[in-house]
Amino acid sequence: MNLKEKPLYALRDLAARLGVLSPTKYTKTELIEAIYERKTQIENHTATPQFNNLGRPKLDNRFIAIKKHEDGKISFYETIQPQTEDIRKELKKEEILIVKRPPAIKDDTERKKLTRIKELMQDFCFAIEKVLERE
């Protein structure tokens with residue numbers, strides 16, 4: 001993958017995920033050099049961990065993905081980014097469908113009791129609204 005063709009914001013995101021300190025202070029060519037230097041450190045197991053959670057929250061804009069191979073080498077590859085809002089919505093729906101939470105109430109009798117209480121509460125709220133309308 002040719003990093004020179006990638007936009008600066010994608011390179012900054014990649015550098016931050018690799019642990020390059022202050023990726024916004026570099027020019028594009030310096031940033032590419034810093035990325036490859038950090039990649040070499042990680043592959044040679046000489047990199048020190050960089051923990052930094054200062055600044056704005058990171059968006060999930062992974063235009064360039066990182067793959068670590070079994071031999072310890074790292075490669076970069078391009079990810080597909082959704083271009084339209086419709087595609088983003090569809091992707092979010094798929095993610096929501098994948099993560100399905102277990103039901104909070106498994107017992108049918110308890111579920112029926114709670115449903116009945118809900119109906120009573122709705123009736124009670126309706127009655128309160130009618131009383132308040134009379135004033």
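Owing to the predicted nature of the structure, the values given are computational and were not obtained by experimental measurement. Along the sequence shown, the residues carry numbers beginning at 1.
The CG atom of Leu11 sits 10.0 Å away from the OH atom of Tyr9 when rounded to the nearest 0.5 Å. Here the CZ atom belonging to Arg38 is positioned 7.5 Å from the CG atom belonging to Leu21, to the nearest 0.5 angstrom. To the nearest 0.5 Å, atoms CD1 (Ile128) and CG (Asp123) are separated by 11.5 Å. For the atom pair CG (Leu114) and CG (Asp107), the distance works out to 10.0 Å, reported to the nearest 0.5 Å. For the atom pair NE2 of His69 and CD of Glu43, the computed distance is 8.5 Å after rounding to the nearest 0.5 Å. To the nearest 0.5 Å, atoms NZ (Lys4) and OG1 (Thr29) are separated by 8.5 Å.
In this structure, the side chain of Lys28 engages the main chain of Lys6 through a donor-acceptor pair within 3.5 Å.
Counting heavy atoms from C-beta on, the side chains of Phe124 and Leu120 never come closer than 4.5 Å. When side chains are defined from C-beta on, Ile35 counts as touching Phe76, because their heavy atoms get closer than 4.5 Å. Looking only at side-chain heavy atoms (C-beta outward), Arg17 and Leu14 come within less than 4.5 Å of each other.
Contact record, Leu31 with Pro23: CD1-O, 3.7 Å, taken as the closest heavy-atom pair.
Glu119 pairs by the salt bridge (Lys or Arg N to Asp or Glu O under 4.0 Å) definition with Arg116, not counting sequence neighbours.
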